[in-house]
Amino acid sequence: MALSLSAAVLLGIIVFVLLKGGYVRVGSALACTLFGFTLAATGLAPVINSGLASLAGILSSF
């Protein structure tokens, strides 16, 4: 049985675990989130999306 999970959900879970574990503070998580939204509005967004899609394709072949 294959489980399909979006990258946003997976990264959200990772950030939640890091926040609860005390490895990342709320201010740092907020700064990274705002950086992600800013980066998504740049010309690099298609390159990042295609890179993530390629990585997902490689991982799903295993």
Side-chain angles (χ1 to χ4, degrees):
M1 178 178 167
L3 177 66
S4 177
L5 196 66
S6 75
V9 172
L10 180 64
L11 292 172
I13 291 170
I14 291 171
V15 168
F16 178 76
V17 169
L18 290 173
L19 282 169
K20 288 302 250 183
Y23 296 106
V24 176
R25 302 275 187 234
V26 175
S28 300
L30 182 61
C32 290
T33 302
L34 292 174
F35 175 68
F37 277 111
T38 305
L39 189 61
T42 66
L44 283 176
V47 175
I48 294 169
N49 284 334
S50 66
L52 286 175
S54 297
L55 180 63
I58 291 170
L59 292 177
S60 68
S61 67
F62 289 117

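- A chain of hydrophobic side-chain contacts below 4.5 Å, direct or via other Ile, Leu, Val, Met, Phe, Trp or Tyr residues, connects Ile13 to Val26.
- Nearest heavy-atom pair across Val24 and Ala29 is CG1-N, 3.9 Å.
- Residues Phe16 and Leu11 do not share a hydrophobic cluster, defined by chaining ILVMFWY side chains whose heavy atoms lie under 4.5 Å apart.
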Leu39 vs Thr42, test: side chain to side chain contact (heavy atoms under 4.5 Å, CB included). Steps then yes/no. CA-CA 5 Å; Leu39 189 61; Thr42 66; 3.9 Å; yes
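- Ile14 and Val9 fall within a single hydrophobic cluster, where Ile, Leu, Val, Met, Phe, Trp and Tyr side chains are chained together by heavy-atom contacts under 4.5 Å.
- No single ILVMFWY cluster, assembled from side-chain heavy atoms under 4.5 Å apart, contains both Leu55 and Leu10.
- Contact detail for Ala40 and Ala45: the closest heavy-atom pair is O-CB, 3.3 Å.
- One distance of note links SG of Cys32 with CG of Leu18; it measures 10.0 Å at 0.5 Å rounding.
- Interatomic distance, CG of Leu30 versus CG of Leu19, reported as 10.5 Å (0.5 Å rounding).
- Transitive grouping of hydrophobic side chains (ILVMFWY, heavy atoms separated by less than 4.5 Å) brings Phe35 and Leu52 into a common cluster.
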